[in-house]
Structures are given as structure tokens and as C-alpha cells.
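The block underneath contains the structure these notes are about, expressed in C-alpha cells.
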Amino acid sequence: IAEVEAYIQADDRWHVFYLGRGTVDFVPKEWLSWLPSWGLDSKEHPQSWLILRFEVFSGKLDFYAEVRRMEDLAKRRKVVDLLLEQGAQFGFSRRQKNVVQIKDSYTRVSRRERVLVWKDGETPEAKSIQSSVARKLNDLFVKLSKLPEVVRAIL
């Protein structure tokens, strides 16, 4: 995950909120100008209530989007509903809204999308990680440009 985080940090289009054991949470840097500081998970980063995440899990690098805890539950539910219904246009792999359990804490608004897979006990090469992450980020960045306008309208 350190290789993933280093790649995202080196790309000036993105802002990393958090690097944890096996995860990196991030958003496009331009989102920092419009994301309200309503998140409850981080006093340091109250804008981190809508995040994009890469996660290393059992020989896989996955990507997904998540809406985290917010002060205003009604607005949070509106954002979750919107992203479940229209997430595909923003580059999120579609989830069936009727099978998603919408909680008041964390709701994944996209399916886990496999970005890279390797055999147990092996470590993928840095170049392979970088190219897989670059492909996903480049595809995502263009599609995410529409998201602020749509989300701001319901906030």
C-alpha cells in the first residue's frame, strides 16, 4: 500500500487523507474547495466524509468509494442515494441499491473493483502497482469532474 500511496502523492491531482495498514483514502485535490467540513471521523480532516479508497486485501488491490459518518444524517442519506443511483457516471462500479445496507456510519457506494491481483506469498513489482493505479486514476479523474456539481446541488 505504501507504493500506491507514494504514486498518488506524486500525482498533483490527488490529495491523500489517510494511509493505514492496507488502505489509502484520497480525493481529487479540487474537491477540497467544495467538500463541507461535516465529517465525524477525523478532526484533522473533517472533509473526509466522501472518500476514494485503495485497499490491499488477500493478494488483491481493490478500489471503491465510500461515504463515511457525517453530522447531518439526512444530507448523508441524500448523498448515498445519489451515488448509488448515479455512481456509474462518476466511474464507480455499480452496486444494486436494493442490496446495499445503508448505515449511518459507513456505506460503500461502489463495488470493490479489482485493480491488481497477485499470488499469495508474492509481492507485485512496483512498476506493476504503479501502472495499475495510474490506469484507474486516469480513468476515474475525468469521470469524477462531474460529481461536485451534482453533489453540491443536494447539499
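Residues: numbered from 1 along the sequence shown.
- Looking at heavy atoms from C-beta onward, Arg53 lies out of side-chain contact with Arg108 at the 4.5 angstrom threshold.
- Scanning all heavy atoms of the two residues, the minimum distance from Leu52 to Ala65 falls at CD2-CB, 4.0 Å.
- Note: Glu125 CD to Gln130 CD = 10.5 Å, rounded to the nearest 0.5 Å.
- At a threshold of 4.5 Å between side-chain heavy atoms, the hydrophobic network of Ile, Leu, Val, Met, Phe, Trp and Tyr places Trp34 and Phe90 in one connected group.
- Leu19 pairs by the side chain to side chain contact (heavy atoms under 4.5 Å, CB included) definition with Ile1, Glu5, Val24, not counting sequence neighbours.
- Looking at Asp62 and Lys60, no side-chain N of the basic residue comes within less than 4.0 Å of a carboxylate O on the acidic one, giving no salt bridge.
- Scanning both residues, Gly91 and Leu140, for their nearest heavy atoms gives O-CD1, 3.7 Å.
- A single hydrophobic cluster is seen to contain both Leu32 and Val151, as judged by linkage of ILVMFWY side chains at heavy-atom distances under 4.5 Å, directly or through other members.
- For the side-chain hydrogen bond (donor to acceptor under 3.5 Å, both in side chains) with Thr107, the qualifying choice from Glu66, Arg76, Arg68, Arg77 is Arg76, the only one to do so.
- Following chains of ILVMFWY side-chain contacts shorter than 4.5 Å, one can reach Ile51 starting from Val150, so the two form part of one hydrophobic cluster.
- The CG atom of Leu144 sits 9.5 Å away from atom CG of Leu137, with the distance rounded to the nearest 0.5 Å.
- Between the side chain of Asp72 and the backbone N or O of Lys75 there is at least one donor-acceptor pair closer than 3.5 Å.
- No side-chain heavy atom of His45 sits under 4.5 Å from any side-chain heavy atom of Val16.
- Trp38 CH2 to Leu155 CG: the interatomic distance, rounded to the nearest 0.5 Å, is 4.5 Å.
- Using bins of under 30°, 30° to 60° and over 60° for the plane-to-plane angle, the ring pair Phe63/Phe92 lands in the tilted bin.
- Within 6.0 Å of atom CD in Glu122, more than 12 heavy atoms from other residues, nucleotides or ligands are found, so the atom counts as buried in its surroundings.
- What you find for Ser145 and Pro148 is that their closest heavy atoms are O-CD, 3.5 Å.
- Tyr64 and Phe141 fall into different hydrophobic clusters, where Ile, Leu, Val, Met, Phe, Trp and Tyr are joined by side-chain heavy atoms under 4.5 Å apart, directly or via other members.
- The nearest pair of heavy atoms linking Leu116 to Pro124 is CD2-CB, 4.0 Å.
- For the residue pair Glu55 and Arg112, the shortest heavy atom distance occurs at OE1-NH2, 2.6 Å.
- With contacts defined as side-chain heavy-atom distances shorter than 4.5 Å, the pair Thr23/Phe57 does not qualify.
- Here the options are Val79, Asp81, Val80, the test is side chain to side chain contact (heavy atoms under 4.5 Å, CB included), and the partner is Leu83; only Val79 passes.
- A side-chain donor-acceptor contact under 3.5 Å links Trp49 to the backbone of Pro36.
- Distance check: Ser131 OG to Tyr7 OH gives 8.5 Å after rounding to the nearest 0.5 Å.
- Residues Ser48 and Asp25 form no side-chain contact, since every pair of their non-hydrogen atoms from C-beta on lies 4.5 Å or further apart.
- Scanning all heavy atoms of the two residues, the minimum distance from Gln47 to Leu35 falls at NE2-O, 2.9 Å.
- Between Glu71 and Leu40, the closest side-chain pair of non-hydrogen atoms falls below 4.5 Å.
- Expressed to the nearest 0.5 Å, how far OG of Ser132 lies from CD of Glu3 amounts to 11.5 Å.
- Between Val4 and Phe26 there is no side-chain heavy-atom pair separated by less than 4.5 Å.
- In the hydrophobic cluster analysis, where Ile, Leu, Val, Met, Phe, Trp and Tyr join through side-chain heavy atoms closer than 4.5 angstrom, Leu73 is grouped apart from Leu50.
- Two residues are said to be in side-chain contact when any heavy atoms from C-beta on lie closer than 4.5 Å; Phe54 and Ile8 meet this criterion.
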